[in-house]
Amino acid sequence: MAMTTKRAKIQTTLLFAALVAAVVTGQVIHGLGGTPSGFWQVTGDFLLVRPLQMLVIPIVFLSVACGIASVGGPSKLGRLGAGTVFLYILSMLIAAALGAALIEFFAPGVGVAAETRDALMDQANREFAADATRAQRMQDAQGTGVGGAWLGILSQIFPRNPLKDIVEGSTMAAITAAILLGLGLAAAGERGRPALEILQSLLEGVMRIVGWILWLLPIGLFFFVTAVVARIGLQNIATPVLGYMAVAIAGLALHAFVVLPLYCMAFGGGNGWNLMWNLRRVFLTAFSTSSSNATLPVTIEACINEGGCSKRATRFCVPLGATMNMDGTALYEAVVVLFLFQLFGVDLAFSDIVLVVVTSVLAAIGAAGIPSAGLVTMVIVITAVNSTIAGRGIEPLPIAAIGVIIGVDRVVDMCRTVVNVWGDCVVAKIMSRVAPDAD
Ligand code: ASP
């Protein structure tokens, strides 16, 4: 344990140093007017994201199967499963409501001059059209609407052919298959034990690989963050968009520093601020990768070794959380959508705002734990509001309006991913009481 803590401290320091160095280098490159070459991005991808992503599916599968099989007894399993899902949905609802309240209160999109709005919309159309695949995905999401979004989530949870979906990278299919196998092995008792032991030793082996990869992260983070900072720079962001960013980032900070630690305490998980400090390595990884999935190996390792979470709870809660629990994304969806409606001068009723909060949670559940996923599922929220306001004869918001915030989305994505992952850790800590390691 002492060795682990010392190693974690060194790794955390290296990650911090790499982050600072990357921000400075990125700004210098941007200031020199040089567009960053793909070199930074690609190197970062190979050193940071790919090594982690490679391990995601095996870890999800092994850790959920071992977690489920070792919890012991159907009543404990039921409490762990239902408790986790309840805590995830409740925290996402709180996050989305907080985002909605903040954006309605500060209203950075209200009263923007028509010329500014037209200029923003011109830019939005260009941004929207720049990535044809993403634009297509958004159009598709618009076509299927809220009902389609539910169906999409359900068909991920109940795949026809889990193996096919797992091979294609669906973490949800891996979770379903692992839950079933874990339940089966637990029910088989003694006869299930050999298979379970094999799965457990495979998991030990994979976690060793995670330990090695952690040493690569600081270098990968340096390249990746340098690429982002050099590309975006901090100038030239239009004032209303800056207002939106400020509200989104302040909301995320409030949720992370106040709401989630209190949530942790209120549900018996102990001092949330301590937990947060102990897990800072996880947040640096989430921040630089913008991906809950890619961060997953680090989250599991750190929750167990530094967060004092039980292995049993962590192995179940964290993979499930990386897939379905996204507090940061729920908050962000509500903030963006209400901001865009403000910008386009649409007056929403209170019931529309409630609809935004609820559909933002749905859109967050539906978003995969990868960069920019929330940007695409936001279409679900806009479509839902559009169809209710259409009944009142109000012009719908064009989907291309999302382009207004695309330019700054990466930075917000980095921040919301941290909050997404932090929410998973809090629930793993709370659930460690329901599923302790020794009983
Ligand atoms: N990047 C986020 C995540 O991986 C998802 C999103 O785009 O909101 O958690």
Side-chain angles (χ1 to χ4, degrees), residues 52-74 76-86 88-89 149-207 209-210 291-297 299-301 303-304 310-326 365-370 373 420-421 424 427-428 431 435:
L52 288 170
Q53 271 174 343
M54 214 163 52
L55 297 173
V56 169
I57 292 284
I59 291 187
V60 168
F61 183 79
L62 293 169
S63 100
V64 173
C66 295
I68 290 281
S70 64
V71 171
K76 267 197 173 172
L77 261 175
R79 273 171 59 206
L80 177 67
T84 305
V85 172
F86 168 78
Y88 280 160
I89 292 181
W150 278 115
L151 264 183
I153 293 174
L154 283 177
S155 50
Q156 279 186 46
I157 299 177
F158 302 105
R160 263 186 229 284
N161 179 352
L163 277 183
K164 177 170 167 279
D165 289 10
I166 292 173
V167 168
E168 283 167 4
S170 161
T171 41
M172 201 62 233
I175 290 176
T176 307
I179 290 178
L180 290 174
L181 183 64
L183 288 175
L185 290 178
E190 271 312 303
R191 303 202 62 177
R193 189 174 292 279
L196 183 59
E197 275 169 7
I198 290 180
L199 293 182
Q200 273 163 344
S201 73
L202 282 173
L203 180 59
E204 286 296 328
V206 174
M207 290 313 286
I209 304 177
V210 173
S291 166
S292 312
N293 276 359
T295 313
L296 183 72
T299 319
I300 293 184
E301 218 242 15
C303 276
I304 294 171
S310 75
K311 283 188 182 169
R312 285 176 181 172
T314 304
R315 286 175 180 172
F316 174 71
C317 296
V318 172
L320 184 66
T323 310
M324 77 164 276
N325 180 48
M326 303 205 174
I365 297 176
I370 54 173
N420 289 345
V421 173
D424 306 340
V427 173
M431 282 295 148

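- Here the closest non-hydrogen pair linking F316 and I179 is CE1-CD1, 4.2 Å.
- S170 places no side-chain N or O within 3.5 Å of a backbone atom of I166 that could act as its donor or acceptor partner.
- Every side chain to side chain donor-acceptor pair (under 3.5 Å) that T171 has, sequence neighbours left out, goes to T323.
- Remark: the backbone N or O of V421 is not paired with any side-chain donor or acceptor of S292 at under 3.5 angstrom.
- Here I365 pairs with M92, I153, M324, V361 under the side chain to side chain contact (heavy atoms under 4.5 Å, CB included) rule; sequence neighbours left out.
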For residues 154-163, please give each side-chain donor-acceptor pair under 3.5 Å, one per line with the distance, not counting sequence neighbours.
unit_1: S155; atom_1: OG; unit_2: L151; atom_2: O; d: 2.9
unit_1: S155; atom_1: OG; unit_2: G152; atom_2: O; d: 3.1
unit_1: N161; atom_1: OD1; unit_2: L163; atom_2: N; d: 3.3
unit_1: N161; atom_1: OD1; unit_2: K164; atom_2: N; d: 3.3

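- When all heavy atoms of I68 and L183 are compared, the closest pair comes out as CG2-N, 3.6 Å.
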For residues 56-65, which side-chain N or O atoms pair as donor and acceptor with protein atoms under 3.5 Å away, sequence neighbours left out?
unit_1: S63; atom_1: OG; unit_2: I59; atom_2: O; d: 3.3
unit_1: S63; atom_1: OG; unit_2: R315; atom_2: O; d: 3.0

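- Counting heavy atoms from C-beta on, the side chains of L185 and L181 come closer than 4.5 Å.
- Smallest separation of non-hydrogen atoms from L80 and C317: CD1-SG, 4.3 Å.
- For T299, there are no side chain to side chain donor-acceptor pair (under 3.5 Å) partners, not counting sequence neighbours.
- Contact annotation: the side chain of V210 never approaches that of I300 to less than 4.5 Å [non-hydrogen atoms, C-beta and beyond].
- Listed by first then second residue, pairs satisfying side chain to side chain donor-acceptor pair (under 3.5 Å) with a partner in residues 173-198 read E190-R193, not counting sequence neighbours.
- Heavy-atom minimum distance, L196 versus C66: CD1-CA, 4.3 Å.
- Contact annotation: the side chain of N293 never approaches that of Q53 to less than 4.5 Å [non-hydrogen atoms, C-beta and beyond].
- The distance from atom CZ of R312 to atom NZ of K76, rounded to the nearest 0.5 Å, is 6.5 Å.
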(request) Just do the side-chain contact (heavy atoms from CB on, under 4.5 Å) check on L296 and V318 with the steps written out, would you? (result) CA-CA 7 Å; L296 183 72; V318 172; 3.5 Å; yes
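- Here the CE atom belonging to M431 is positioned 11.0 Å from the CG atom belonging to L320, to the nearest 0.5 angstrom.
- Remark: the backbone N or O of A435 is paired with a side-chain donor or acceptor of S310 at under 3.5 angstrom.
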